[in-house]
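The sequence lines fix the lettering, A, B, ..., with proteins before strands; numbering per chain opens at 1. Computed from a prediction, not measured in an experiment: that's the story for all the values here. We use all heavy atoms of the structure for the numbers below, so side chains are in, but hydrogens, waters and symmetry mates are not.
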2 protein chains.
Amino acid sequence: MRMAELSRVTGVPVATIKYYLREGLLPRGELTTSPNQARYGEEHVRRLTLVRSLVEVGGLSIAAVRAVLGAIDDPAVPLHDTLGLTIDAADAPAPAVDDPLHAAAAERLDAIVAERGWRLSPDPLARRAAIDVLATMQRVTGDRLAGLATVYAEAAERIAEADLDTVTAVEDPETRVETALVGTVLGERLLAALRRLAQEHVSAQRFPPPSRETPCPPPPDPSRP
Amino acid sequence: MRMAELSRVTGVPVATIKYYLREGLLPRGELTTSPNQARYGEEHVRRLTLVRSLVEVGGLSIAAVRAVLGAIDDPAVPLHDTLGLTIDAADAPAPAVDDPLHAAAAERLDAIVAERGWRLSPDPLARRAAIDVLATMQRVTGDRLAGLATVYAEAAERIAEADLDTVTAVEDPETRVETALVGTVLGERLLAALRRLAQEHVSAQRFPPPSRETPCPPPPDPSRP
DNA sequence: GCTATCCGATAGTTTTGCTGTCCACTCTTC
DNA sequence: GAAGAGTGGACAGCAAAACTATCGGATAGC
């Protein structure tokens, strides 16, 4: 197919497709006969759909998408690393702050990791991110939110096991890497949205809003004496 | 204190503080004696720290921060709504797409909600977000990731209960709202980071990397005959 | 009175993610 | 083989977001 059809099938404007080509998010089409007549195939449709999903729904930047695509296209990068790479690429490197709050937060995180028996590579980026969050929570709210991390860690482990179950069930290696990527990026969004829904439910359960939970009793009949 | 000191205490550049004042994220200082000599107090330090945390660590946009601050400053908005408002403000309204994938995704989400017995307000924004993610997962990976949502929903409920426990334990109403806000926004980041760490752990457990998990046996001694 | 500082307004800058224009070329259709 | 629509690539332009820099008048504190 030609570019116009690729645009029609995926719903992405031609100008945007050209931009993605420039940025290396999408491989060039095959130049069949001449240097300005390229053909695109099913794999371009797949890749373009993937890119759009990561950008629009997943909220990744163009640079982050380029990084993860480079990794999944490289057969030398094992699945184990690919799965990890994703969020690393999404997060900013965040220059390591060096205040006492961070040290305390690091200690707390490492205690949780040790308690759960997690075996991790030395200093993954996600560890930094978690420490940053813990330190910030401490700075803003004191230790009111301190108890949450252990609950979150347990939930995270359960979720990660489901993630890995799902990914390892995929046979084809190429598809598996893509599934891991989408599951990691979009799964984060899904989890956030479900948490919000669950918060609303639990909140409504504990503080029953009078109008919604129990219908109002009928108003007194003014026609009755 | 004056602006320079506020800047020093919080580590936020003066120009940025002025920008936040303009944008209404920070209340004006008290004009004590003249129209160009303002004084700032502890509440400005608190508010500025909060804004920075939401923007830098939480990843909220300035507009989203303004929206949530407006809500927590309004004593008429109950806690129940404040907690909910947060992510709604963070997410883009996302023009409602109307394809069969979305319809199917909506059905699946509603089934999960019904199964868990969640009682929700009609069509909260988080529901739209979740449906978008489900539809996108379907489009990109088929139904390979379909099983994840129920696991996520259960984890989300557990997490939401911990969230509500934490928030309701706070006595002072003003502090409670702030705690809810920080817990919701930063908690999402914390959860994402912990999920990544857990993924790495589970992945390493299932596919033991030879060099890290079990130390290499000592190399054969070349000095021995 | 003198100097350093301050406040507020306005304009400028950088980054990101597209979008629009141009042009030479090519494919189809007559 | 000519016309006219379509194509690919280069490049410039644009809008939003989040700051950042400068300026002018006023004030504080000695």
Partners meeting side-chain contact (heavy atoms from CB on, under 4.5 Å) with Arg46(A) (sequence neighbours left out): Glu178(A)
Nearest-angstrom distance from the residue atom CD of Glu56(B) to P of dA18(D): 12 Å
Results of side-chain contact (heavy atoms from CB on, under 4.5 Å) for Arg158(A) - residues two or more places apart only: Glu154(A), Arg158(B)
Per-nucleotide protein contact string for nucleotides 7-19 of chain C, where B marks a base within reach and S marks sugar-phosphate only (heavy atoms under 4.0 Å, - for neither): BBSB------BBB
Protein-nucleotide distance (Leu25(B), atom CG; dC19(D), atom C1'), rounded to Å: 12 Å
Rounded distance in Å - CD1 (Ile17(A)) to C1' (dA10(D)): 17 Å
Would you give me the side-chain donor-acceptor pairs under 3.5 Å for residues 3-14 of chain A, sequence neighbours excluded?
unit_1: Ser7(A); atom_1: OG; unit_2: Val12(A); atom_2: O; d: 2.7
unit_1: Thr10(A); atom_1: OG1; unit_2: Leu6(A); atom_2: O; d: 2.8
unit_1: Thr10(A); atom_1: OG1; unit_2: Val12(A); atom_2: N; d: 3.4

Selection residues 25-68 of chain B - residue pairs positive for ring pair (Phe, Tyr, Trp, His ring centres under 6.0 Å), sequence neighbours left out: Tyr40(B)-His44(B)
Partners meeting side-chain contact (heavy atoms from CB on, under 4.5 Å) with Ala149(A) (sequence neighbours left out): Ile112(A), Leu134(A), Leu190(B)
